[in-house]
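Only this structure's heavy atoms are used, side chains among them; waters, hydrogens and symmetry mates stay out. Ligands are counted one by one from 1 in listed order, and the atoms in each one are counted from 1 as well.
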Amino acid sequence: MDRNGVTEGELEGRGMNKCVEQVSHLALDIGGSLIKMVYFCGENSGSEHQQGILSSKESCGLSNGNTNCSVLRGKLHFRKFETSKINECLEFMSSKQFHRNGEDCHGASVSEKNIIKATGGGAFKFADLFKEKLGMTLDKVDEMNSLVAGANFLLKAASLEAYTYMDGQKEYVQIDQNDLYPYLLVNIGSGVSMIKVDGDGKFERVSGTSVGGGTFWGLGKLLTKCKSFDELLGLSYSGNNRVIDMLVGDIYGGMDYSKIGLSSTAIASSFGKAVSEDKDLEEYKPEDVARSLLRMISNNIGQIAYLNALRFGLKRIFFGGFFIRGHAYTMDTISVGVNFCCCNAARSSIVREVFIVSHECTSCRSSHYCFS
Ligand SMILES: Nc1ncnc2c1ncn2[C@@H]1O[C@H](COP(=O)(O)OP(=O)(O)O)[C@@H](O)[C@H]1O
Ligand SMILES: CC(C)(COP(=O)(O)O)[C@@H](O)C(=O)NCCC(=O)O
């Protein structure tokens, strides 16, 4: 399955079987939880590819007037594998013959001299494994550099790449390229990195938290016995966190604590109700546990992000990373976390905007980017 649940078979049904011959621009991000793979698959053969260099500027409408740029037609494909099952990734690469594709490719080859770009901690951890199994050398690229460069590129080059998410509504926003910086980039992967971005290549990692996507998946797995991340997320959608979370109203006899701006339904203490109830874990519904966990972690990230935005006077926060994956409830809770802080904290006059970097093709909203 790829990130949007499309199987390889389906991709082949859409013409992807040509990829063995025409794959180029293969790159990997090997994170603590997931391996993300991207490769470009040309649509046409022949002269177009020979002259074709994947031109980010022209294909994405950022042409600076340089007419020497040529455009490569095709699709960028994304796949993911669990890092703990890295052998599946190696087998996929082997089956696609990525390691032998160098001489067949047009433009930038998959692996000229069998060297591929790789980022994330796994680029260091698994370098020897790639060499041993596929004869490939990983050309290591710094994770934070890649993250910022990728976010800047997408936000500037791809129209409608980000959206706000409030009250169940996604609203795609057009970013004004002249008014992009500074912003706070919050990447929610296994852990969470918060980066103040001031320009192309100009950034500083200002904060982070170890309570991130890995925490949700790890704790959730232990508490609910779920077998997959999607199962855990699915559970959280149907759960009721009020069964386990202690609300302000639980403490204040059903009333708001309006003097300090807390409504009776605000969570006073995540998982707090479990303290006073004489119940074992098995007596709670897994879906309620999953829901409380997702709320706790998403709220916490939203609040830390907001406080960092406030710390540096940043008016925009962009959230990205695979923890989000376009999931409505996750986004909703993060937005609630930011806005909860916004309403209850320093009541700053700076407008906060919450954007979430999308990982979809902006033209067809599927799991690949189309360059045409
Ligand atoms: N199918 C999935 N399998 C495992 N984790 C997933 C999946 N989909 C989303 N996630 C979440 O995404 C997180 C990983 O996000 P990612 O940005 O890939 O970080 P990393 O680079 O650390 O692997 C996981 O910890 C988990 O919370
Ligand atoms: C170490 C990491 C940069 C690795 O990135 P990841 O694989 O989680 O995407 C990230 O997990 C992180 O920033 N953790 C938070 C550490 C902290 O600030 O407490």
Side-chain angles (χ1 to χ4, degrees), residues 1-7 27-38 78-86 88-89 117-126 138 140-151 154 184-197 203-224 226-237 290-291 293-298 300-301 303-305 307-308 311 318-331 333-334 356-360 367:
M1 285 272 183
D2 73 5
R3 75 178 70 205
N4 279 1
V6 180
T7 63
L28 296 171
D29 171 8
I30 312 177
S33 304
L34 297 170
I35 301 172
K36 280 74 62 183
M37 176 189 290
V38 61
F78 298 93
R79 289 191 72 92
K80 70 173 182 332
F81 305 85
E82 287 177 40
T83 308
S84 58
K85 296 179 187 162
I86 191 162
E88 289 178 7
C89 172
K117 296 275 182 202
T119 189
F124 294 83
K125 186 174 171 183
F126 298 114
L138 301 186
K140 302 172 193 71
V141 185
D142 178 74
E143 174 172 3
M144 297 295 140
N145 274 327
S146 306
L147 193 59
V148 172
L154 289 176
L184 187 72
L185 178 60
V186 178
N187 188 58
I188 316 176
S190 307
V192 185
S193 283
M194 302 195 182
I195 304 158
K196 178 173 168 284
V197 183
F203 65 89
E204 185 190 353
R205 185 183 184 280
V206 291
S207 190
T209 165
S210 60
V211 181
T215 319
F216 176 62
W217 180 206
L219 253 183
K221 200 171 170 180
L222 290 175
L223 293 172
T224 67
C226 271
K227 294 284 176 257
S228 75
F229 180 86
D230 287 342
E231 194 191 337
L232 180 64
L233 254 190
L235 276 182
S236 73
Y237 279 29
R291 181 94 167 193
L293 194 57
L294 184 60
R295 283 215 70 166
M296 181 178 83
I297 289 166
S298 304
N300 192 51
I301 294 170
Q303 293 183 8
I304 296 173
L307 292 173
N308 274 289
R311 182 178 159 210
F318 290 89
F319 290 93
F322 229 85
F323 172 70
I324 298 172
R325 254 180 66 191
H327 284 291
Y329 188 70
T330 310
M331 294 190 290
T333 314
I334 291 172
I356 304 192
V357 177
S358 109
H359 295 279
E360 304 160 316
S367 62

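Remark: I188 CD1 to S298 OG distance equals 7.0 Å, nearest 0.5 Å. The distance from atom CZ of F319 to atom CD1 of I301, rounded to the nearest 0.5 Å, is 8.0 Å. Note that OG of S236 and OH of Y329 are 7.5 Å apart. Values are rounded to the nearest 0.5 Å. Atoms OG1 and CE, on T333 and M296 in that order, are 12.5 Å from each other to the nearest 0.5 Å.
Each of the atoms 8 (O), 11 (O), 14 (N) of ligand 2 lies under 4.0 Å from some heavy atom of G191. Within ligand 1, counting atoms from 1 as listed, the ones closer than 4.0 Å to a heavy atom of K36 are 16 (P), 18 (O), 19 (O), 20 (P), 21 (O), 23 (O). Within the listing of ligand 1, atoms 25 (O) sit less than 4.0 angstrom from a heavy atom of G214. Near S190, with a cut-off below 4.0 Å to any heavy atom, the atoms of ligand 2 are 8 (O). Near K80, the atoms of ligand 1 lying under 4.0 angstrom from a non-hydrogen atom of the residue are 1 (N). Close contacts between ligand 1 and S33 involve ligand atoms 14 (C), 20 (P), 22 (O), 23 (O), 24 (C), 25 (O) [criterion: under 4.0 Å to a heavy atom]. Ligand 2 places these atoms under 4.0 Å from at least one heavy atom of M144: 3 (C). Remark: ligand 1 atoms within the under-4.0 Å shell around heavy atoms of F323 are 11 (C), 12 (O), 15 (O), 27 (O).
Considering backbone and side-chain N/O atoms, F229 never comes within less than 3.5 Å of an N/O atom of ligand 1. Between S207 and ligand 2, no pair of N/O atoms sits closer than 3.5 Å. Inclusion of N187 in the set of residues having an N or O under 3.5 Å from an N or O of ligand 1 is not warranted. For G32, a nitrogen or oxygen atom sits less than 3.5 Å from a nitrogen or oxygen atom of ligand 1, counting backbone and side chain alike. Considering backbone and side-chain atoms together, D29 places no N or O closer than 3.5 Å to any N or O of ligand 1. In terms of N/O distances under 3.5 Å, ligand 1 is not approached by G191.
Here the heavy atom of the protein found nearest to atom 5 (O) of ligand 2 is E143 OE2, 2.8 Å. Of all protein heavy atoms, the one lying nearest to atom 7 (O) of ligand 2 is G32 N, 3.2 Å. Looking from atom 15 (C) of ligand 2 to the surrounding protein, the closest heavy atom is T209 O, 3.4 Å. Closest to atom 16 (C) of ligand 2, if we only count protein heavy atoms, is R205 NH2, 3.8 Å.
Note on ligand 1: G120 sits outside its first shell, no heavy atom being nearer than 4.0 Å. Using a non-hydrogen distance threshold of 4.0 Å, F216 does not register as a contact of ligand 1. Heavy-atom distances between S210 and ligand 2 reach below 4.0 Å in at least one pair.
Here the side chain of R79 pairs no donor or acceptor atom with the backbone of V38 at under 3.5 angstrom. Checking side-chain atoms of T330 against main-chain N and O of I324 turns up no donor-acceptor pair under 3.5 Å. Here the side chain of T215 pairs a donor or acceptor atom with the backbone of S210 at under 3.5 angstrom.
Within the 4.0 Å cut-off (strictly below), no protein heavy atom is located near atom 1 (C) of ligand 2. For atom 12 (C) of ligand 2, the nearest protein heavy atom lies under 4.0 Å away.
Closest heavy-atom contact between D29 and G120: OD1-CA, 3.7 Å.
In summary, of the residues considered (I334, V211, V192), a side chain to side chain contact (heavy atoms under 4.5 Å, CB included) with N300 occurs for V211 alone.
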